[in-house]
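Proteins come first, then strands; the chains are lettered A, B, ... in the order of their sequence lines, and each starts at number 1. Both backbone and side-chain heavy atoms feed into the values below; hydrogens, waters and symmetry mates do not.
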Protein chains: 2
Amino acid sequence: MISTDLIKGSLKTIVLKLLSDEGRMHGYLITQRVEELTHGKIKLTYGALYPILHKLESEKKLVTSQEIYNNRVRIYYSLTPEGTSAVREKIEELNEFINALRWIVEPGKNLSHA
Amino acid sequence: MISTDLIKGSLKTIVLKLLSDEGRMHGYLITQRVEELTHGKIKLTYGALYPILHKLESEKKLVTSQEIYNNRVRIYYSLTPEGTSAVREKIEELNEFINALRWIVEPGKNLSHA
DNA sequence: TCATTATATTTAAGTTTCTTATATATTGCA
DNA sequence: TGCAATATATAAGAAACTTAAATATAATGA
């Protein structure tokens, strides 16, 4: 598990990207997929996730729809067109960030400037 | 310039890594080198930097020494042995983080599990 | 000579973003 | 019957910044 300080700022981008790749998802599933995709390195807690989802909804980047599954209400989240273009920008920024970190970590190697 | 949210959690690691690579540095120089190394993508503000330096000093990860240059006091920071081993751990964690982000961004590619 | 930019450090107040803890409720397995 | 997994939500508090302001010297250019 990676220190939470490091992860903090990227959670919103991660949520958007997952919704972009996998379409409709409910909150619980999002936490599971993040853990799966990152081999347990990143764990999204509910206390972090739901406020993020609610905020993204209020920003019109995603919409919700309810579904009953096994007598339980599930709330599905999916991207709006606005959310879809937000993902593109966020991912681009995340790639820049990854590159910037690599320039720090491996200052010798002349890495891509993309 | 990358969104500050993204960068937040990695500033301490960046400072430690720079001191590890370049030895004695004063605060102002650290901000310059970060900007240089990251091609302006990451800017360390003084309001962020000095509290980080002071905290690392109180944690005995670095020590200070003063020097007069052009009638001005410069405060140089350098790693203690404790700081040096902290760098190694932090960099390892940062690499894990970079990989985890790449698993999110490029889920198709089977990237290293290092 | 005067103004501006660069150099250099510091700290206080405020915001954001999470962490931690708690609450609630159903299903399935042992 | 009890525990683990499934599923969502929110409140209180901590941490890490951002922004802004204060202070001071040197160098550059108009």
Side-chain angles (χ1 to χ4, degrees), chain A residues 1-16 18-19 24-36 40 42-59 61-77 90 93-94 97, chain B residues 1-16 18 24-36 40 42-59 61-62 64-77 90 93-94 97:
Chain A
M1 182 67 176
I2 297 164
S3 131
T4 60
D5 287 348
L6 227 43
I7 297 164
K8 269 191 178 183
S10 41
L11 294 181
K12 195 183 280 183
T13 304
I14 289 173
V15 168
L16 286 169
L18 269 190
L19 286 171
R24 260 162 63 90
M25 297 179 91
H26 56 95
Y28 188 74
L29 183 58
I30 293 174
T31 65
Q32 287 182 303
R33 284 296 288 145
V34 169
E35 202 174 331
E36 217 177 291
I42 295 177
K43 281 173 190 163
L44 234 174
T45 61
Y46 308 120
L49 174 65
Y50 288 106
I52 286 173
L53 289 172
H54 299 333
K55 187 160 188 225
L56 288 172
E57 190 185 5
S58 80
E59 291 169 0
K61 298 210 172 69
L62 47 83
V63 288
T64 59
S65 52
Q66 297 195 3
E67 210 171 271
I68 308 286
Y69 183 79
N70 270 351
N71 266 9
R72 266 180 257 152
V73 175
R74 269 185 183 168
I75 302 173
Y76 278 87
Y77 299 86
K90 288 272 189 188
E93 190 183 59
L94 193 60
F97 177 53
Chain B
M1 180 70 174
I2 298 164
S3 132
T4 60
D5 287 348
L6 228 42
I7 297 164
K8 270 190 179 184
S10 40
L11 295 182
K12 195 183 283 184
T13 303
I14 289 173
V15 169
L16 285 169
L18 268 190
R24 261 161 62 90
M25 298 178 90
H26 56 94
Y28 189 74
L29 184 58
I30 293 174
T31 65
Q32 287 182 303
R33 285 295 289 144
V34 168
E35 201 173 331
E36 216 177 292
I42 295 178
K43 280 173 193 162
L44 235 173
T45 60
Y46 308 121
L49 174 66
Y50 288 105
I52 285 173
L53 289 172
H54 299 333
K55 186 158 191 226
L56 288 173
E57 191 186 2
S58 79
E59 291 169 0
K61 298 209 174 70
L62 45 83
T64 60
S65 52
Q66 295 195 4
E67 210 171 90
I68 307 286
Y69 183 78
N70 270 349
N71 266 7
R72 266 181 256 152
V73 176
R74 269 184 184 169
I75 302 173
Y76 279 86
Y77 298 87
K90 288 272 189 189
E93 190 184 60
L94 192 61
F97 177 53

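- Across all strands, B:Ile7 comes closer than 4.0 Å to no nucleic acid atom at all (heavy-atom distances).
- Residues that satisfy the side chain to side chain donor-acceptor pair (under 3.5 Å) test with B:Gln66, not counting sequence neighbours, are absent from this structure.
- Closest to the side chain of A:Pro51, from the set C:dT9, D:dT8, D:dT10, is D:dT10.
- Atom-to-atom, CE of B:Met1 to C1' of D:dT18 comes out at 10 Å; the value is rounded to the nearest Å.
- Residue contacts for A:Leu11: at a heavy-atom cut-off of 4.0 Å it reaches the sugar-phosphate backbone alone, with no base atom in range.
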Every protein N/O lying under 3.5 Å from an N/O of nucleotides 21-26 of chain C:
unit_1, atom_1, unit_2, atom_2, d
C:dT26, O2, A:Arg72, NH2, 3.4

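- Of the side-chain N and O atoms in B:Tyr50, none sit less than 4.0 angstrom from OP1 or OP2 of C:dT10.
- Nearest nucleotide to the A:Arg74 side chain, out of C:dT7, D:dA7, D:dA9: D:dA7.
- Side-chain nitrogen and oxygen atoms of A:His54 include none within less than 4.0 Å of the OP1 or OP2 phosphate oxygen of D:dT8.
- Across all strands shown, A:Tyr77 has heavy atoms under 4.0 Å from sugar-phosphate atoms exclusively, and none from any base.
- Residue-level contact check: B:Gln32 touches the backbone only, with heavy atoms under 4.0 Å from sugar-phosphate atoms and none from bases.
- The side-chain contact (heavy atoms from CB on, under 4.5 Å) search around A:Ser65 returns A:Arg24, A:Tyr76, not counting sequence neighbours.
- Atom pair B:Leu53:CG and C:dT11:P shows a separation of 12 Å (rounding to whole Å applied).
- Here B:Lys43 lies out of heavy-atom contact (under 4.0 Å) with every strand.
- Backbone-only contact: B:Thr4 has heavy atoms under 4.0 Å from sugar-phosphate atoms and none from a base.
- Annotation: side chain of A:Leu53 is in contact with side chain of A:Ile30 (closest heavy-atom distance under 4.5 Å).
- Along DNA chain C, the nucleotide nearest B:Tyr69 and the nucleotide nearest A:Lys12 are compared for position; the residue whose nucleotide lies closer to the 5' end is B:Tyr69.
- Using a 4.0 Å heavy-atom cutoff across all strands shown, B:Ile75 reaches sugar-phosphate atoms only and no base atom.
- Distance B:Tyr28 OH to C:dT10 P: 15 Å, rounded to the nearest Å.
- At least one side-chain nitrogen or oxygen of A:Lys55 sits closer than 4.0 Å to the OP1 or OP2 atom of C:dT17.
- The shortest side-chain heavy-atom distance between A:Leu44 and A:Val15 falls under the 4.5 Å cut-off.
- The distance from atom CD1 of A:Ile30 to atom C1' of D:dT8 is 12 Å, rounded to the nearest whole Å.
- The distance between atom CD of A:Glu35 and atom P of D:dA5, rounded to the nearest whole Å, is 11 Å.
- Between B:Tyr28 and B:His26, the ring planes lie parallel to each other; the angle is under 30°, not in the 30° to 60° tilted range.
- No side-chain heavy atom of A:Val34 sits under 4.5 Å from any side-chain heavy atom of A:Leu49.
- Looking at A:Phe97 and A:Ser10, their side chains never come closer than 4.5 Å, going by heavy atoms from C-beta outward.
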